[in-house]
Amino acid sequence: METKYIFVTGGVTSSLGKGIISASLAKLLQARGFNVTIQKFDPYINIDPGTLNPYEHGECYVTVDGHEADLDLGHYERFINVETTRANNITTGRIYQNVIEKERHGDYLGKTVQIIPHITDEIKRNVKLLGTKNKYDFVITEIGGTVGDIESHPFLESVRQLKWELGKNCLVVHLTYVPYIAAAKELKTKPTQHSVKHLQEAGVQPDILVLRTEHELTADVRRKVALFCNVEPKAVFQSIDVPSVFEVPLKMQEQGLDSVVLEKVGVEVGPTPELAPWRSFLNRIYNATEKVKIGLVGKYVELPDAYKSINEALFQAATYNDRKLDLVFIHSEKLNEGNAEELLSNLDGIVVAPGFGNRGIEGKFVALKYGREHNLPTFGICLGMQCMVIEFARNVLGYSDANSTEMDEKTTHNVIDLMEEQKSVSNYGGTMRLGAYECDLLPESKAAKAYGATHIKERHRHRFEFNSDYRNEFEKAGMKCVGENPDTHLVEVVEIPELKWYIGTQYHPEYTSTVLKPNPLFVDFVKAAINK
């Protein structure tokens, strides 16, 4: 069949959950046997979010092909278990960069380069790229930002043009907010009406409305919205608060969102899928009674989205171990030798988070020393793994000034050092070791036993690495290098076999953990935490 294109836009306010609605719809269509992918268009001018502070946009997600992307791509992969690539996340910056490069190259034959048609043509080319190149049945495109934002206008104009060009093969799902005024005890639809009006002013008529709400919407409210917004009553859906975002696909299925989508694009609806594995996962969430308490040590813990994929990987691992996750965020700047016992002693396990820079680094050393000395299951990820190495060098090998050259260029014991290919890098955007790389694990290692394999592939995002000049010293003292890249021999995994579970990975295993296929290293870590 011809590729169908679905656009998901948002109005009234940001953070309504466009990504979750997009991922839920994709899940429902995928369950019907369709080949589905999702892409995100972000209206900011950064080429990608790789250089953005996590306080701005939460975590930076990394795709399998090494693209630094918006965290919504993590939602997409966790829901539909399909790998995303550079083509799944486009920013305004990348659109303009492509157009300017073409103009410099002379591709426009001397014409004046304008928003219409040149910018909009480039947007449309990127929208259709996934459908034409990969032959997907459905391409769902989430437009970031809110209707009415000046930054979003070129994207909405492109959607307007595509609706005309693609006809029945294109539809628009618009997500808005219906607030509840407590004093009046009333739900108010006016913000939704204004939001749709903004969309219509851009020449786009939504085909389906999803109304975000904290209170159940009556049939009268839905009919009113349908009447004022030129949408069929059966195409108005509510997205009410639920205990878990993983319930959203089921709530959308109950209301028939996927059925209406299929009707509108002229595809036979067919029987409703059972979603049995998904329901089984939800049952495990709600049937778990005992807790597992994990401490996440990092410098962005006041903003949980900064560690979104780690949080989700831990949640999935706890669920598959039939436990409720009790995740405690511990600010590494506030952790020291004086309060370590108080903050860490009641935990079942510790995760030391990735990151960049010197801030909060000493608190990570404190957490790792505590975990090592108290035989508490401990997991270091990327910078967390590097901190494991530094702490061990200082307190076991006796190199009191051991450090990473990222933190101290003059250290005499550079146990973590800049990767050779990074030494000539001057631009920071997209220049790290990024994407999926192979790793060979020692068969007798805890990591290999967790994976059930000795050859794995995981995603990276780093500039610094374990300095192999120190490898023999570390191994003699009890910290083993149990995983390495087969081509570069870069150390990927360290562990202390004498301890119950003390493992550090240079890569980011959280990026490959999905709802129906949790990352085995996280599952094994949580299992060790339960058994401690």
Side-chain angles (χ1 to χ4, degrees), residues 1-9 18-43 47-49 61-99 102 119-144 152 154-173 207 258 261-262 264-267 430 434-436 459 511 514:
M1 76 179 203
E2 289 184 283
T3 302
K4 313 297 181 185
Y5 295 89
I6 300 171
F7 294 96
V8 179
T9 58
K18 292 193 299 295
I20 297 298
I21 291 297
S22 300
S24 297
L25 176 55
K27 184 76 220 170
L28 296 178
L29 293 171
Q30 185 189 56
R32 290 177 175 273
F34 295 108
N35 191 14
V36 186
T37 192
I38 321 176
Q39 62 182 176
K40 173 81 182 285
F41 279 29
D42 277 307
I47 302 299
D48 58 50
Y61 189 78
V62 177
T63 61
V64 67
D65 63 341
H67 177 65
E68 293 172 293
D70 184 83
L71 62 78
D72 272 323
L73 269 71
H75 290 312
Y76 305 161
E77 289 203 19
R78 285 189 286 273
F79 271 63
I80 63 174
N81 206 29
V82 172
E83 288 180 342
T84 54
T85 67
R86 171 179 309 275
N88 292 78
N89 190 200
I90 310 291
T91 66
T92 292
R94 239 173 88 199
I95 296 292
Y96 273 81
Q97 184 184 51
N98 292 348
V99 168
K102 287 178 182 177
I119 295 296
T120 52
D121 281 353
E122 182 65 16
I123 292 169
K124 290 190 295 182
R125 185 184 72 80
N126 279 277
V127 168
K128 294 193 283 189
L129 190 65
L130 285 167
T132 53
K133 190 177 177 183
N134 301 87
K135 304 297 182 190
Y136 285 105
D137 299 318
F138 285 90
V139 175
I140 298 173
T141 304
E142 178 192 344
I143 307 293
S152 299
F155 292 111
L156 294 178
E157 170 58 22
S158 301
V159 173
R160 183 193 71 76
Q161 293 178 24
L162 283 168
K163 279 208 81 174
W164 281 104
E165 291 171 20
L166 296 169
K168 206 169 184 180
N169 289 331
C170 176
L171 63 81
V172 175
V173 177
D207 302 283
D258 51 334
V261 165
L262 292 172
K264 286 187 176 292
V265 295
V267 175
L434 290 163
R459 300 180 203 178
Y511 291 145
T514 68

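The structure presented is a predicted model; accordingly, all values stated were derived computationally and were not measured. Positions are given from 1, in the same order as the sequence printed here.
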### Query
Got more than 12 heavy atoms from elsewhere within 6.0 Å of CD, E165?
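For E165, atom CD is crowded (more than 12 foreign heavy atoms under 6.0 Å).
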[X] side-chain N/O to [Y] backbone N/O, donor-acceptor pair under 3.5 Å:
X	Y	answer
D65	T85	no
D137	N35	yes
T3	Y136	yes
E77	T514	no
Y61	Y511	yes
R94	N89	yes

Interatomic spacing from [atom1] in [X] to [atom2] in [Y] - rounded to 0.5 Å:
X	Y	atom1	atom2	value
I123	Q161	CD1	CD	9.0 Å
K40	Y76	NZ	OH	5.5 Å
L29	L262	CG	CG	5.5 Å
Q30	L28	CD	CG	10.0 Å
Q39	T141	CD	OG1	3.5 Å
F7	R160	CZ	CZ	12.5 Å

#### Entry: Candidate pair I38 and H75, rule side chain to side chain contact (heavy atoms under 4.5 Å, CB included), full reasoning
CA-CA 10 Å; I38 321 176; H75 290 312; over 6 Å; no
### Query
V62 and G435: which non-hydrogen atoms are nearest, and at how many Å?
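That would be CG1-N, 3.7 Å.
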### Message
Give me the atom names and distance for the closest heavy-atom approach of L434 to E68.
### Response
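Smallest heavy-atom distance, with atoms named: CD2-CG, 3.8 Å.
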### Message
Under a plain distance cut-off of 3.5 Å, with no hydrogens placed, do T37 and N88 share a side-chain donor-acceptor pair?
### Response
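The answer is yes; a qualifying pair exists.
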### Query
Between D72 and K18, is a side chain to side chain contact (heavy atoms under 4.5 Å, CB included) present by the stated rule, with each step listed?
CA-CA 9 Å; D72 272 323; K18 292 193 299 295; over 6 Å; no
### Task
For the pair V36 and V82, evaluate side chain to side chain contact (heavy atoms under 4.5 Å, CB included) and give the outcome as yes or no after the intermediate values.
CA-CA 9 Å; V36 186; V82 172; over 6 Å; no
### Message
With side-chain contact (heavy atoms from CB on, under 4.5 Å) as the test, pick out the partner of L130 among T84, I140, V139.
### Response
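For L130, the side-chain contact (heavy atoms from CB on, under 4.5 Å) test succeeds with only one of T84, I140, V139, which is V139.
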### Test side chain to side chain contact (heavy atoms under 4.5 Å, CB included) applied to Y5 and V265, step by step
CA-CA 9 Å; Y5 295 89; V265 295; over 6 Å; no
### Query
Are D207 and K264 within salt-bridge range, i.e. N to O under 4.0 Å?
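The answer is no: the pair does not qualify as a salt bridge.
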